[in-house]
Structures are given as C-alpha cells and as structure tokens.
Amino acid sequence: MASHRPVRVRFAPSPTGMLHLGGARTALFNWAFARREGGTFLLRVEDTDTERNSEESLRSILDCLRWLGLDWDEGPEAGGDVGPYFQSERGEFYAQSIARGVEEGWLYRCFATAEDLEQQREHARAAKKNWRFDPTSRGLSQEDSDARAAAGDSFVLRFRVPDHEEIGIDDHIRGRVVFQSEEVEDWVAVRSDGNPTYNFVCALDDAAMSISHVIRGEEHLVNTPKQILVYRALGEPEPSYAHVPLILGQDGKKLSKRTGDTALGDYIAKGYLPQAMFNFLGLLGFSIDDATDVFTPEELIAAFDLKRINKSGAIFDQDRLHWICGEYLRSMSVRDLAQAVLPHLQQAGFLNCAMDSAKTAWLEQLVAAFQPRLTLLSELPAQAAAFFGEVPTPEGKAAKALAAEQAPVLLSAVADALEGANDWPPQDVMAIAKPIAEAQGVGLGKLMQPMRVALTGSLGGPELKDILALLGREQSLARLRSAVPKVS
RNA sequence: GGCCCCAUCGUCUAGUCUGGCCUAGGACACCAGGUUUUCAUCCUGGCAACAGGGGUUCAAAUCCCCUUGGGGUCACCA
C-alpha cells in the first residue's frame, strides 16, 4: 500500500463538543508520527453536522491542542495547499464527486424513507434477526429512478457495494484485517438533503489531501471497508491505517462521562500541567522502552513507531497521571511554577492585586516552600490558605496539639524568645526552641506541634523557618500570642 | 445476536513479530522500614501477572487451534 508517499497525516475533529482525551491522544500520535517521519500534520474540521457544530467548540479544541504543544502544518489558522480545511466549505468538491459517482454508477438513488427502514430494523430486532439493508433499489430501472426523482420523491444516494469482494487492510498496529463485502451494506453516502455523510467525505478528503497514513481510534476500524471502497471507486491510492486502541474508563468500557471527566479541558481546569498531560497520554498505549516513563516530546518523537502502539485498550489511570504531574511540578523552576500557579490562587480569591516585585518575590518563596508537597497547581490555594488570611480553625489532632496542657506556656515563651531575635526569620529556630522545651521538661515535638498549629492551623506543611519567613515577624508573633488565650 | 478487535501484576507497561538470556523486568497504587521538628519530598525493601485447555518443539509468555472473558460497531452522527 502507499507506503512510499510523502508522510501526510491528519487529525479530523468534529467541533461538536470539547476535545475528548481519546481524541487528544489520537492527535498526539498523529503529530508524533509526522514529526518523526519528517512529514506533514494537518487538521481538518469535520463540520458537516450543522445541527451540532459550534464556533466555541472549534476554538476550544484548537486551544486544547496548542496547550498540549501540538502544532499543525496545515489547517485552520495555518492554511495550506489542499484546503479548504473545513468540510463545510468543500461543498463544490463534494458535488463533483457525487456527480461522478452517479454517472459511474457506484452511487445510486434509494427512495426508501428513513422511517420505513427504522421500522424494518425494529421488526428485525423484535424477531432477534440480524438486519441489513436490502438493496432492492438497485434493481430500479434508470427510467423509473429518473421519473421518481423528477416527480420530487425524496431519495438518498447509496454506495453500491460490490459482491464477493475481499476488503483487507494491513493495519500498522493490528496486522492484516479482512472484511467480506457481503458484510458491508449499501450505506448512505448522500443524505436526502443532498449533504454527503461522514464515511464518504472522509475518504474523499483523505484522498484529495493525499493523506498517507490514517491514524485514528479503533472505533473506526469497522468503517474502514466502506472508505476503502470509495478509494477503489475513485481509483485513488489507499492510505495505510493504524487503528489505535481505545482509552477505557475504570469500568473497562470506552471512556465516558459516567466514569469521570473525559474532556481534556477538565484536566486543564483541574491544574494538570501540559507537559504532564502530554507525557501521560503518550504513555497510554505506547511506551518508549521497559524503563522510561518520564520523557520530553522530543524523546517521544525520537522513539515513536506505530508498531510499538499496543493492541489492547488502556484504562485511564488517574493515580498515574497525578504522579506524573507531581514529577513535572517538582522539576519546574520556582519562577515558572509561581507563574503557573498564580491564576489558580487568583481564582481562589488570593493575590488579586498588582504583582509588584516584592509580591512576586514573596510568591516565589511560598511556591518554593510548597513545591515538594504539590502535585496539582490547583492544590495550592487550599494548602496555603493560612498564608493569605486568617488561621484556619484547627481540627482533630491539630486542635488537640494546641489544647495540650503546656501549650500556653510554651507558646508565650517561644513568642518572647522570637521577639527578642535580631533577624527575621531567626537563623536557627531550633536553637531558640530547644532550651524552651528543655526548661519545661518536654520533648521538642511538644513545642513544635502547637507552634505549627498556632501559625498555620495545621500539623503539616513547610518548614517552620519558611513559615515564619512567609508570615513575617508581626503576623507570626501575633498568631503565637493569640493562640494562647484561645486555649487557656 | 452478526461482523471486527483484544487478552502479562489491581493499573500503565517491557518481553511476543525474529521461541531459549524470563526462577517474567520497570513504573503507579498499596504495605513496611529509613532520612526529616511535622507533612511532603527523597532512599530501601515487600506484595503482586503470562485467562484456561490442547497442540508444534529439545525448548513457548512468545508459534497454531479451541474455549472463556473483555471491548468496539451495527444511523440520512462523526
């Protein structure tokens, strides 16, 4: 099959909703393959469903692809020599192909109504019999057909599927897959309103755009024979195929909204990093080798090979995505991380002010203190709330630590000691704390615990020294002092 | 149900095409230790899989067949 043509691959989204994770991964694989082969990656918008299309969907899909770092060589906003790249603008081209199909006889009029056929299907279902379109309209004479059309009877154009023909593909992922033409019904290629259907225009456009490799989801595998037949009718070279396995939900079925978020946009909103998402998607159904699970786009490209894509479906593993995100987040520079996390803080109502250099420096200090504790950008506002407002009311063990018998004495002692310190934060908090604990005859922990709770409301969190620095002298002392009367 | 696809730890996977190096490797999650004033990070260790049955072969996770299980698809949606 056409393996020596220049590599041209496409991602063909339908702008009827948000970009699905499966679609995002398909796009990623197409992109990686094109980049690996030095080929062309193009975007074609399949907006033939005028009912469900929306401008907003298209924009969001393009934004999502860009967010992932996938750039396209031809398509919307990029142009190209084989456009238009919107199917809604290719009507003239389709009309020519339709005329040709009718003339050459591989498209024929069928006057059966959708309702009739639906009724037949119903009957078959009730009788538990397998239903397939009965191509009796094929027998309609040209005169009768013309006459009924002239009389204004509504009709669709069906594709005349040949008898006893073997339709096989050598799928890059699955190997040889063969269909018998008897299994393929005379499908509708042009609707009664004159608009062509997906299987028809998809093949038409792939041929016209010289697509060399069709890399798409496995759910399209059964569409392939229909599309191959179009190539054969057209006398165009067939592309080669790679049917990528599905992304499965926790239930083992095709990922759907029932089992969690399915749109890439949902994960963007949750604060996942684009590098992490790219990495994770590239690891679903593909692997570089037996040990590499964190990699750059360049490394993915260098190793990319359609034959290395798995055959079986992969369950979307949130834990793994979460982990990868943490890996990237921890490897980021404090500066970049501060920038990335700022929108999430502002969304939570923090830092909604002009960011002068002092504020930025403080934010970077905060981010540095929390970096080892974060896996998602969106986690910071909740974790660091104590640094933006009141001390959250301690709960559970934290409340207990603050209510300990010696806590008031220890806290006021430590507040006094800190107040006397020359620098802020004190160079060695431990050196200040130790004697106080000893004087009270308790372990260091007995002092540190209530101190943390008094300052942040929590037993966990950054190092004490960082907490004092972030809070500042005044605020730190105030919190240590005000915690005392609360418990006494 | 017809047609098509698939089958290694709970999960993502390496190994399968080109049988022996596999007493099946890595990672996530989980569990247990260690480092750390806390939490987290980090380090060490542990748990855990070739769906079943037949072949072929000196040798099978790897090749063949059957069974079972799972999935996809059966629109004038894409």
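Not measured: the values here are computed from a predicted model.
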Paired nucleotide for [N] [Watson-Crick or G-U wobble; both distances under 3.5 Å]:
| N | answer |
| --- | --- |
| B:U38 | none |
| B:G69 | B:C6 |
| B:C21 | none |
| B:C74 | B:G1 |

Answer with yes or no whether A:N130 presents, from its side chain, a donor or acceptor under 3.5 Å of a partner atom in the base of B:G1. yes
Quiz item: A:R52 side-chain donor-acceptor pair to B:A78 base, under 3.5 Å: no
Under the salt bridge (charged side-chain N to carboxylate O under 4.0 Å, His left out) rule, collect the residues that match up with [X], sequence neighbours excluded.
| X | value |
| --- | --- |
| A:E327 | A:R330 |
| A:D416 | A:R481 |
| A:R44 | A:E46, A:D205, A:D206 |
| A:E379 | none |

Take the protein atom [atom1] of [X] and the nucleotide atom [atom2] of [N], then report the distance between them rounded to whole Å.
| X | N | atom1 | atom2 | answer |
| --- | --- | --- | --- | --- |
| A:E182 | B:G2 | CD | C1' | 14 Å |
| A:I315 | B:G71 | CD1 | P | 10 Å |
| A:L321 | B:A27 | CG | C1' | 14 Å |
| A:Q250 | B:C28 | CD | P | 18 Å |
| A:N223 | B:A75 | CG | C1' | 11 Å |
| A:L248 | B:G69 | CG | P | 18 Å |
| A:L255 | B:G71 | CG | P | 14 Å |
| A:D293 | B:G25 | CG | C1' | 13 Å |

Using atom [atom1] of each nucleotide, how far apart are [N] and [M] to the nearest Å?
| N | M | atom1 | result |
| --- | --- | --- | --- |
| B:G69 | B:C58 | C1' | 34 Å |
| B:U67 | B:A29 | C1' | 33 Å |
| B:C9 | B:G1 | C1' | 35 Å |
| B:A14 | B:G33 | P | 34 Å |
| B:U62 | B:A51 | C1' | 16 Å |
| B:G52 | B:A24 | P | 16 Å |
| B:C64 | B:G26 | P | 29 Å |
| B:C66 | B:C30 | P | 42 Å |

Does [N] have OP1 or OP2 under 4.0 Å away from a side-chain N or O of [X]?
| X | N | result |
| --- | --- | --- |
| A:R121 | B:A75 | yes |
| A:K254 | B:G72 | no |
| A:R125 | B:G2 | no |
| A:N310 | B:U13 | yes |
| A:S192 | B:C76 | no |

Categorize [X] for me: base, sugar-phosphate, or nothing, with a 4.0 angstrom heavy-atom threshold over every strand shown.
| X | answer |
| --- | --- |
| A:A114 | base |
| A:S458 | nothing |
| A:G285 | sugar-phosphate |
| A:F179 | sugar-phosphate |
| A:V188 | sugar-phosphate |
| A:H322 | nothing |
| A:R308 | sugar-phosphate |

[range]: protein proximity per nucleotide (B base, S sugar-phosphate only, - neither; heavy atom, under 4.0 Å):
| range | value |
| --- | --- |
| nucleotides 36-45 of chain B | -BBBBSS--- |
| nucleotides 5-10 of chain B | SSS--- |
| nucleotides 60-68 of chain B | --------- |

Answer yes when A:E405 and A:K446 have at least one side-chain N-carboxylate O distance shorter than 4.0 Å, and no when they do not. no
Salt-bridge criterion met for A:E56 and A:R59 (N-O under 4.0 Å): no
Show the atom names and distances, to 0.1 Å, of all donor-acceptor pairs under 3.5 Å that link a side chain in residues 272-285 of chain A to residues at least two apart or in another chain.
from, atom 1, to, atom 2, distance (Å)
A:N279, OD1, A:F295, N, 2.9
A:N279, OD1, A:Y328, OH, 2.6
A:N279, ND2, A:D293, O, 3.1

With sequence neighbours left out, write down each residue that passes side chain to side chain donor-acceptor pair (under 3.5 Å) with [X], or none if nothing qualifies.
| X | answer |
| --- | --- |
| A:E165 | A:R232 |
| A:D251 | none |
| A:T113 | A:D116 |
| A:Q475 | A:R479 |

Mind telling me whether A:F304 and A:F29 have parallel, tilted or perpendicular rings, with 30° and 60° as the class edges? tilted
Find out whether the Lys NZ or Arg CZ of A:R158 is both under 6.0 angstrom from the six-membered ring centre of A:F133 and within 45° of the ring's axis. yes
Please check if atom CZ in A:R335 has more than 12 non-hydrogen atoms from other residues, nucleotides or ligands closer than 6.0 Å. no
Kindly check if the number of other-residue, nucleotide or ligand heavy atoms within 6.0 Å of NZ (A:K270) is above 12? yes
I want to confirm an ordering. Mapping A:E183 and A:L284 to their closest nucleotides on RNA chain B, which one lands closer to the 5' end? A:E183
Check every atom of B:C76, B:A78, B:C12 against the side chain of A:L117 and return the nucleotide holding the closest atom. B:C76
